[in-house]
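Numbering of ligands and ligand atoms starts at 1, following listing order. Throughout, numbering of the chain's residues begins at 1 and tracks the sequence. Predicted model, so just to flag it, every value in this text is computed and none were measured. Values below: all heavy atoms of this structure, side chains included; hydrogens, waters and symmetry mates excluded.
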Amino acid sequence: MSGYFDHIDPIKFEGAESENDLAFKYYDAKKKVMGKTMEDHLRVAACYWHTFCWDGFDVFGGGTFNRPWHGGQNDQAAAEAKLDAAFDFFDRLGQPFFCFHDVDIMAAAETPKEHVESLAKIIDKVEAKIEKHGTKLLWGTANNFSHPRYMAGAATNPNPDVAAFAALQVRECMNATHRLGGSGYVLWGGREGYDTILNTNVGQEMEQLGRFLTMAVEHKHKIGFKGDIWIEPKPHEPTKHQYDRDVGTVYGFLKQYGLENEVGVNIEPNHATLAGNSFEHEVEMANAFGIFGSIDFNRGDPQNGWDTDQFPNDLRETTTAMYYILKGGGFKNGGSNFDAKVRRQSNDAADLFHGHIGGMDLLARALMNAAAMIEKDRLQAFKDERYAGWRSGLGAKMLSGEASLDEVADHALSENTSPAPVSGRQEMLENYITNAVK
Ligand code: XUL
Ligand code: CO
């Protein structure tokens, strides 16, 4: 018991009529939706870095949160105090999963040796916490972007010794994730890109990244880790250009290195919008390529162009995305990680609960809305009808590869008819969504 959250009673489901700000209005863990509990559908996780590590600093000022484990040295005692507080928070929220970077949970380390020792020291404690409290690890990841050694990239660094340090972090963190029973392992290439093309050998850097990822996949098989590996696409920030810019780009990259059946994606809405895509576009692209893995739920701010990582609150967007997530088969090893942080002025312990409660209630509503949409599935019915021509005759022959360009062209010539344009019914379909959002 950390003491820091002692004044917050465990968060309970009280229903939509409740006026208790520290209660769930919609997230009812054991409620069944499409034959499965909400908890099992959503697999909600809190992230360690924003919720427990970030102290509220920004480029214009220092930390505002003053949590008991902030401010001093990031030593083993601070790491353990943070761990106590984290699992106390998970208990009070009823959080089934969490996610971490290696450096989030361990005492600060500088050399490779110190890194390995420091991580090993805290992993023993994390293992005991998971056993005692029951909150499970969704995924782990190595922070290969914060330390100055990574300023020119990790796997894509011009210096192979830096890539070797990154490999050490990935090996140790993947081993830890495996040991802790995690169901996924994430690689976000924060600095796997460039600030200026003038000093960058793009082709070689991508080759380095492809090799690095292949080694990570080989290691997964070597240690018998049965979880998934996911890349988390993001177009830029911190670098001007990142090689993992969006789902489509990542798929091309995976294909290039023969990893498309080994690695999936962890999609983040704020990254999608930074790339000029919508969240649901990224989900549907991942479904189309068969690489959908997990979600880092959050939102950006339409008035500015960076990764504000706010808790999600757009029910229409989340309902639409959830519809496509469910249509793709839902989460398997993945889940709903809140890669989200409360605002700098939200400096009370209670604010962490408000953020997570709001996010979980939003996902619960989106899940129920999406399930209701699927029950009738007017979108699917409309699309089935719209593409019906491709299921038989000429369309089916073209798709299966049976027809040559000559045959198809001659068909057009012999029929000699101009196909009439058919309405796409966009407004009608948008009305379906408007009416489904409850
Ligand atoms: C950064 C981001 C990361 C990854 C994990 O934008 O989303 O926190 O989720 O490294
Ligand atoms: Co993220």
Quiz item: In chain order, what residues pass the side-chain contact (heavy atoms from CB on, under 4.5 Å) check against K255, with sequence neighbours excluded?
Solution: Y251, E260
Exercise. Please name the residue in the list D246, D307, D296 that meets the salt bridge (charged side-chain N to carboxylate O under 4.0 Å, His left out) test with K234.
Key: D307
Provide, line by line, the atom pairs where ligand 1 and the protein bring an N/O atom each to a distance under 3.5 Å; else say none.
from: ligand 1; atom 1: 6 (O); to: K234; atom 2: NZ; distance (Å): 3.0
from: ligand 1; atom 1: 6 (O); to: H271; atom 2: NE2; distance (Å): 2.9
from: ligand 1; atom 1: 6 (O); to: D307; atom 2: OD2; distance (Å): 3.0
from: ligand 1; atom 1: 7 (O); to: E232; atom 2: OE2; distance (Å): 2.6
from: ligand 1; atom 1: 7 (O); to: E268; atom 2: OE1; distance (Å): 2.8
from: ligand 1; atom 1: 7 (O); to: H271; atom 2: NE2; distance (Å): 3.3
from: ligand 1; atom 1: 7 (O); to: D339; atom 2: OD2; distance (Å): 2.7
from: ligand 1; atom 1: 8 (O); to: W49; atom 2: NE1; distance (Å): 3.2
from: ligand 1; atom 1: 8 (O); to: D339; atom 2: OD2; distance (Å): 3.3
from: ligand 1; atom 1: 9 (O); to: E232; atom 2: OE1; distance (Å): 2.7
from: ligand 1; atom 1: 9 (O); to: E232; atom 2: OE2; distance (Å): 2.9
from: ligand 1; atom 1: 9 (O); to: D296; atom 2: OD2; distance (Å): 2.9
from: ligand 1; atom 1: 9 (O); to: D339; atom 2: OD2; distance (Å): 2.9
from: ligand 1; atom 1: 10 (O); to: H101; atom 2: NE2; distance (Å): 2.7

Quiz item: Is there a donor in the side chain of D309 and an acceptor in the side chain of N298, or the other way round, less than 3.5 Å apart?
Solution: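 The answer is yes; a qualifying pair exists.
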Exercise. Taking salt bridge (Lys or Arg N to Asp or Glu O under 4.0 Å) as the test, write out the residues that go with E117, two or more places apart.
Key: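 Counting only residues at least two positions away or on another chain, E117 forms no salt bridge (Lys or Arg N to Asp or Glu O under 4.0 Å).
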Quiz item: So which protein N/O/S atoms does the Co ion (ligand 2) have within less than 2.8 Å?
Solution: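 Hits for the Co ion (ligand 2) below 2.8 Å: E232 OE2, E268 OE1, D296 OD2, D339 OD2.
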Quiz item: Do I122 and E80 come close enough that some side-chain heavy atom pair is under 4.5 Å?
Solution: yes
Quiz item: Would you find more than 12 non-hydrogen atoms of other residues, nucleotides or ligands less than 6.0 Å from K136 atom NZ?
Solution: no
Quiz prompt | Greater than 12 external heavy atoms within 6.0 Å of Q345's CD | solution = no
Self-check item: Spacing of L429 atom CG and N431 atom CG [to the nearest 0.5 Å]
Solution: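 Result: 8.5 Å between the selected atoms.
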Quiz prompt | Intermediate values then yes/no, side chain to side chain contact (heavy atoms under 4.5 Å, CB included), D244 and F253 | solution = CA-CA 8 Å; D244 53 4; F253 183 85; over 6 Å; no
